[in-house]
Amino acid sequence: MQPPLPRKDLFDMPEGVIYLDGNSLGVLPRGATARAAQVIDEEWGGQLIRAWNGAGWMDLPRVVGNRIARLIGAPEGSVATGDTLSIKVYQALDAALKMRPDRRVILSDSGNFPSDLYMAQGLIRTIGKGHVLRTPPPEEVEAAITHDVAAVMLTHVDYRTGRMHDMAAITRAAHAAGAVMIWDLAHSAGAVELDLAAAQAEFAVGCTYKYLNGGPGAPAFIYARPDIVLGIDPALSGWLGHDAPFAMEPDYRPAMSTERLRVGTPPILQLAVLQQALTVWDDVDMADLRAASVRLCEFFIAEVEARCPALSLASPRDAARRGSQVSFAFADGYAAMQALIDRGVIGDFRAPDIMRFGFTPLYVGDEDVVAAAQILEDVLASGAWRDPKYQTRARVT
Ligand SMILES: *Cc1c(COP(=O)(O)O)cnc(C)c1O
């Protein structure tokens, strides 16, 4: 028997907050503070450099990668961790393009997260061979997978609207056209059920500070399908991706495993916190989590539509086409969100007009949905959001 969701006891949540932003920054898992203190005091403070071996620091990226692998339906040893997601996008895309040297098209979609597109643009300039980036609307991507496409690079769940691509179908279409498939799982890992092994995509990347609760700046991950790993020529050939880092050889030789996608010194503090954060998934069945997520999202949509006629649903209505977030469009969404946050309901805003609410069944329950919808109704009906103090945009929205 799995314990029922939510499992609020596993997290340290501030009093008086309904947190609907775990899709942007997950909450603090209980035990993370103690783990960080242990790494700082006992391992760093006490063992100093000996901790690389003695406390297992050098192995931590692999150990944490294996925990993530289980959550994304990938086999042991197929996930490397470190750096940030933008870096992992670059590595995956470069490797994919090298696998299709005769093709020049990268296919993404217009809804993709800007950093993924920016990294592709930068890589194109670095390679300097005239690659092009095509970004049709998300609904038209599948039809746009033509035989000149080298790599299809998509974010599975759209950060703005929560729209979810059909991973199996698009991967099949990419392969049918001879293209390499890269999935960005930033808004999927820990949010929806994933079966990368079945989908057969060559690469997947993701971050761990959203639904995986690894904390701000937690390391990213990259998956490479086991049968292609030894053919990957790493763009970022750092020493820790070398076959024998401490042999200090003058020339790069990639590791004979997914470790070749490592670059430099791993962020040990962040990895240790992430390792602790990932223990909350130990007895969570992803099918249960998905069922709870769908129920929370449906409930929130129904409550908000009944209470807030000024808002219009910007997410797919069909749960099967939606990740674990619900977005509503409202012209004054920024101010309305600030007023909402001031009243203890934390979501976020994405330009131009999207109010975004993430649902994380590990620590959000039905009672939170009702309370959040009531407070949102009050903010809109009272016009509280018109207060000038809610109009000035902060650096992070
Ligand atoms: C959150 C997110 C990022 C952020 O990348 P970082 O390098 O971790 O800052 C990139 N891509 C997608 C799709 C995201 O959702």
Side-chain angles (χ1 to χ4, degrees), residues 20-27 61 64-65 68 71-72 79-94 96 106-123 133 135 138 141 151-165 167 170 181-192 194 196 201 203-223 235-236 261-264 266-267 270-271 273-274 277 315 322-327 347-351 354 356-360 395-397:
L20 305 180
D21 214 359
N23 52 321
S24 205
L25 177 68
V27 303
V64 170
I68 294 170
L71 293 175
I72 61 176
V79 174
T81 54
D83 316 300
T84 76
L85 175 50
S86 303
I87 301 281
K88 292 318 194 199
V89 166
Y90 189 90
Q91 285 180 297
L93 187 56
D94 178 77
I106 301 166
L107 181 68
S108 189
D109 71 42
S110 58
N112 204 348
F113 191 85
S115 199
D116 295 38
L117 302 178
Y118 300 162
M119 293 311 280
Q121 291 160 4
L123 179 61
L133 174 63
T135 55
V141 160
V152 181
M153 177 190 81
L154 296 173
T155 296
H156 182 221
V157 175
D158 187 298
Y159 74 102
R160 244 196 222 108
T161 62
R163 178 206 34 75
M164 182 162 65
H165 278 302
M167 180 180 284
I170 291 185
M181 186 73 224
I182 305 167
W183 286 107
D184 187 327
L185 306 178
H187 291 274
S188 313
V192 297
L194 293 167
L196 269 180
F203 296 97
V205 293
C207 52
T208 62
Y209 48 80
K210 292 171 181 166
Y211 292 91
L212 297 180
N213 311 308
F221 66 86
I222 182 165
Y223 159 86
L236 304 174
L261 295 171
R262 282 175 67 168
V263 183
Q270 292 270 210
L271 274 167
V273 168
L274 173 60
S315 296
R322 197 173 60 224
S324 201
Q325 71 173 67
V326 173
S327 300
D348 63 19
F349 171 80
R350 286 293 174 264
I354 296 289
R356 197 169 70 145
F357 303 91
F359 289 88
T360 46
R395 184 139 186 252
V396 175
T397 65

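Ligands are counted one by one from 1 in listed order, and the atoms in each one are counted from 1 as well. If you're wondering where the values come from, they're calculated on a predicted model, not measured in any experiment. This chain uses plain numbering: 1 for the first residue, then up along the sequence.
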Item to check | Criterion side-chain contact (heavy atoms from CB on, under 4.5 Å) on Phe221 and Val64, from CA distance to verdict | outcome: CA-CA 9 Å; Phe221 66 86; Val64 170; over 6 Å; no
Next on the checklist: I'd like to check whether Ser115 has a polar contact with ligand 1, where a contact means an N/O of the residue lying under 3.5 Å from an N/O of the ligand.
Outcome noted: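 Between Ser115 and ligand 1, no N or O pair is found under 3.5 Å apart.
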Checklist entry - Which residue, Asp94, Asp116, Asp83, forms the salt bridge (Lys or Arg N to Asp or Glu O under 4.0 Å) with Lys88? => result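 That would be Asp83; it is the only one of Asp94, Asp116, Asp83 passing the salt bridge (Lys or Arg N to Asp or Glu O under 4.0 Å) with Lys88.
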Element-labelled atoms of ligand 1 that are located less than 4.0 Å from some non-hydrogen atom of [X]:
| X | answer |
| --- | --- |
| Asp184 | 11 (N), 12 (C), 13 (C) |
| Lys210 | 1 (C), 2 (C), 3 (C), 14 (C), 15 (O) |
| Ala186 | 12 (C), 13 (C), 14 (C), 15 (O) |
| His187 | 15 (O) |

Checklist entry - Minimum heavy-atom separation for Val273 to Gly214, with atom names? => result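 That closest heavy-atom pairing would be CG1-O, 3.7 Å.
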Checklist entry - Taking all non-hydrogen atoms of both residues, which atom of Gly217 and which atom of Tyr209 are closest, and how far apart? => result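 For Gly217 versus Tyr209, the nearest heavy atoms are N-CD2, 4.3 Å.
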Item to check | Side-chain (Arg160) to main-chain (Ser327) donor-acceptor, under 3.5 angstrom | outcome: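 Here the side-chain-to-backbone pair does not exist.
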Item to check | pair Leu196-Met167: side-chain heavy atoms closer than 4.5 Å | outcome: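 Yes - at least one pair of side-chain heavy atoms lies under 4.5 Å apart.
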Next on the checklist: Does any part of the side chain of Phe113, heavy atoms only, come nearer than 4.5 Å to the side chain of Asp184, both counted from C-beta?
Outcome noted: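 No; the side chains remain at least 4.5 Å from each other.
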Next on the checklist: Could you identify the single nearest non-hydrogen protein atom to atom 7 (O) of ligand 1 and state the distance to 0.1 Å?
Outcome noted: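 For atom 7 (O) of ligand 1, the nearest protein heavy atom comes out as Ser86 OG, 2.7 Å.
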Item to check | Which residue and heavy atom of the protein sit nearest atom 11 (N) of ligand 1, plus the separation | outcome: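 Protein heavy atom at minimum distance: Asp116 OD1, 2.6 Å.
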Next on the checklist: With a heavy-atom distance limit of 4.0 Å, tell me whether Thr155 approaches ligand 1 through its side chain, its backbone, both, or neither.
Outcome noted: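 Side chain only; the backbone of Thr155 stays clear of ligand 1.
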Checklist entry - Who's closest to atom 4 (C) of ligand 1 heavy-atom-wise, of Tyr209, Tyr159, Tyr90, Tyr118? => result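 Looking at heavy atoms only, Tyr209 sits closest to atom 4 (C) of ligand 1.
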